[in-house]
J.: 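This is the structure I have questions about; it appears just below.
Hydrogens, waters and symmetry mates play no part in the numbers below; they use all other heavy atoms, side chains included.
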Amino acid sequence: MRILVTGFEPFGGHAMNPSMEVVTALPTSERLIRRVLPVIYADAGRIIRDLITAERPDAVLSLGLCGRSPSILLERIAINLNDDTCGDNTGDSAHGRLIDPAGPVGYWSTLPLVAIHEALRERGIAVAFSSHAGTYVCNHVFYVVRHMIEQQGGDQPCGFVHLPPVGSSGLSLGTLVDAVRTCLGVIERHGARK
């Protein structure tokens with residue numbers, strides 16, 4: 001099983017984005033496609049669509065930073081909306097702009113979230129479910145990928161996980177890397193059952 005795992009560059013005054021650090025720290029492998037995306041609505045969406053077309057991964061796990069969270073957040077839903085007051089890294093705040101005017105309101109994650117939650121808790125890693133991935137570039141990428149897979153009639157597991165800042169509730173970068181490797185292991189095991 002080949003998994004595309006993406007993170008984001010720093011944004012919004014954050015000197016470091018743990019999603020970028022985790023993606024960079026993951027081991028190089030033929031089974032793992034690692035990319036860091038820009039925090040720019042249009043560019044991030046285009047780049048990840050191009051990656052999926054070129055690489056044809058069996059699953060997609062996108063990662064981002066939630067600066068106010070003390071734990072890892074497993075995002076349940078991507079919504080068809082770009083809307084943020086601080087703007088992306090070009091200053092585009094995309095106030096109330098639909099991601100796809102012809103697309104549905106939202107998409108459920110197709111990752112095995114319950115199994116991921118259980119696996120992380122067993123490792124003593126702080127984790128919680130989140131109802132949706134917000135309306136910033138993280139959500140944009142989540143929605144774009146789910147929409148693309150749906151339109152192509154695919155069944156690749158796809159979803160989004162928000163990481164807390166390093167040091168939040170004692171979560172070190174090493175712990176976050178271990179958490180993401182745990183997520184990838186669960187995705188692989190569930191994919192192998194198909």
J.: Would you find more than 12 non-hydrogen atoms of other residues, nucleotides or ligands less than 6.0 Å from R121 atom CZ?
T.: no
J.: State which residue, out of L65, D83, V141, V39, fulfils the side chain to side chain contact (heavy atoms under 4.5 Å, CB included) condition with Y136.
T.: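 The single option meeting the side chain to side chain contact (heavy atoms under 4.5 Å, CB included) with Y136 is V39.
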J.: Please name all residues satisfying side-chain contact (heavy atoms from CB on, under 4.5 Å) with E150, sequence neighbours left out, ordered by chain then number.
T.: Y107, R146
J.: Using the salt bridge (charged side-chain N to carboxylate O under 4.0 Å, His left out) rule, collect all pairs that involve residues 172-182, keeping only residues at least two apart or in two chains.
T.: R123-D178
J.: Between N82 (side chain only) and I99 (backbone N and O only), is there a donor and an acceptor less than 3.5 Å apart?
T.: no
J.: For R56, enumerate each residue passing the salt bridge (Lys or Arg N to Asp or Glu O under 4.0 Å) test, keeping only those at least two apart in sequence or located in another chain.
T.: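 Partners of R56 under the salt bridge (Lys or Arg N to Asp or Glu O under 4.0 Å) test: none.
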J.: Compare all side-chain heavy atoms of T6 with those of L63 and state whether any distance is below 4.5 angstrom.
T.: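 With C-beta onward as the side chain, the pair stays apart.
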J.: For the hydrophobic clusters of this structure (ILVMFWY residues joined by side-chain heavy atoms under 4.5 Å, transitively), does one cluster hold both F160 and I149?
T.: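 Yes; I149 is reachable from F160 via cluster members.
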J.: Report the residues that fulfil ring pair (Phe, Tyr, Trp, His ring centres under 6.0 Å) with F142, sequence neighbours left out, ordered by chain and then residue number.
T.: none
J.: Of the options V23, I48, V161, V144, which is the one that meets S62 in a side chain to side chain contact (heavy atoms under 4.5 Å, CB included)?
T.: I48
J.: Less than 4.0 angstrom from a charged side-chain N to a carboxylate O is my criterion; do E188 and R2 meet it?
T.: no
J.: Distance alone, cut at 3.5 Å: any donor-acceptor contact between the side chains of E75 and H162?
T.: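 Note: E75 and H162 side chains meet the donor-acceptor criterion.
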J.: Which residue pairs satisfy the side chain to side chain donor-acceptor pair (under 3.5 Å) criterion with at least one member in residues 18-28, sequence neighbours excluded?
T.: N17-S19, T28-R34
J.: Taking atom CD1 of I77 and atom OG of S131, what is their separation to the nearest 0.5 Å?
T.: 6.5 Å
J.: Which residue pairs satisfy the salt bridge (charged side-chain N to carboxylate O under 4.0 Å, His left out) criterion with at least one member in residues 87-109, sequence neighbours excluded?
T.: D92-R97
J.: Between S93 (side chain) and H95 (backbone), is there a donor-acceptor pair under 3.5 Å?
T.: no
